[in-house]
Every structure is written in structure tokens, then in C-alpha cells.
Q: 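So that we are looking at the same thing, I have put the structure below in C-alpha cells.
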Amino acid sequence: MFIAAIFIVAEYIKSFIFGGFPWLLVGYSQNESIFNFIYPIFGNYAVGYLIILFSGIIYKAIRSKSISYLTTSFFFFLYIFLLNLPI
């Protein structure tokens, strides 16, 4: 969680340094994806934080080769996927 937070703070600072136009943010790459329900409430930085956090979870699961990380990440992504299914 700390690495993802540091990355988002760096993105926030970067958006002000280069003229205030945040055109290289991670969250903008996720338009029309499973994060559509997060955009209106929390915005681009929250989506970027979740992308980086999910990437870290997947990396940790693969790197550690532990069943607990793999099952936790599987059920977490399954939950996110099921939230986005049409009713």
C-alpha cells in the first residue's frame, strides 16, 4: 500500500510540474473498464492507486509462490469482476 501511495503522490506532483496537464496518469488508461463505478466517486487518482495496488498484489502472489496470496488475490479480483456485471 505504501508503494502505491508514493507512486500516486509522484503522479500528483508530476501533473503540476509539467504545466498542470496530467496526460500520463495511470488512471486515464482505464477508461471503459471494470473501474467505471469508481471514476465518478473518487476520480482518476483512486483508479491509478487501485491499478498499482492490484499490480503489487499480483507481483507478490507470483513472487512468493504462496497459496494464501494466490487465493486472496483470486477472490479479490473475482469480487471486483462480479461487482461490474450487468444486472
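Counting begins at 1 with the first residue of the sequence. Predicted model only: the values in this text are computed from it and were never measured.
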Q: Run the side chain to side chain contact (heavy atoms under 4.5 Å, CB included) test against Y49 and tell me which residues pass, sequence neighbours left out.
A: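 Y49 satisfies side chain to side chain contact (heavy atoms under 4.5 Å, CB included) with M1, A4, A5, I8, L53 once adjacent residues are dropped.
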Q: How would you list, by chain and number, every residue that makes a ring pair (Phe, Tyr, Trp, His ring centres under 6.0 Å) with Y59, sequence neighbours excluded?
A: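 Checked Y59 against ring pair (Phe, Tyr, Trp, His ring centres under 6.0 Å); zero matches.
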Q: Does I3 sit in a hydrophobic cluster with other residues, and if so which ones, taking ILVMFWY side chains as linked at heavy-atom separations under 4.5 Å, directly or through other members?
A: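 Answer for I3: none, a lone residue.
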Q: Only counting residues at least two apart or in another chain, list the ones meeting side chain to side chain contact (heavy atoms under 4.5 Å, CB included) with F42.
A: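 Counting only residues at least two positions away or on another chain, F42 forms a side chain to side chain contact (heavy atoms under 4.5 Å, CB included) with I38, A46.
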Q: Taking ring pair (Phe, Tyr, Trp, His ring centres under 6.0 Å) as the definition, give me every residue that meets it alongside Y12, ordered by chain and number, with sequence neighbours left out.
A: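 Scan of Y12 (ring pair (Phe, Tyr, Trp, His ring centres under 6.0 Å), adjacent residues dropped) gives F16, Y45.
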Q: Applying side chain to side chain contact (heavy atoms under 4.5 Å, CB included), can you list everything that pairs with I41, at least two apart in sequence or on another chain?
A: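 Side chain to side chain contact (heavy atoms under 4.5 Å, CB included) check on I41 returns nothing, list empty.
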Q: Is the CZ atom of F7 crowded by more than 12 outside heavy atoms at less than 6.0 Å?
A: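 12 or below, so no.
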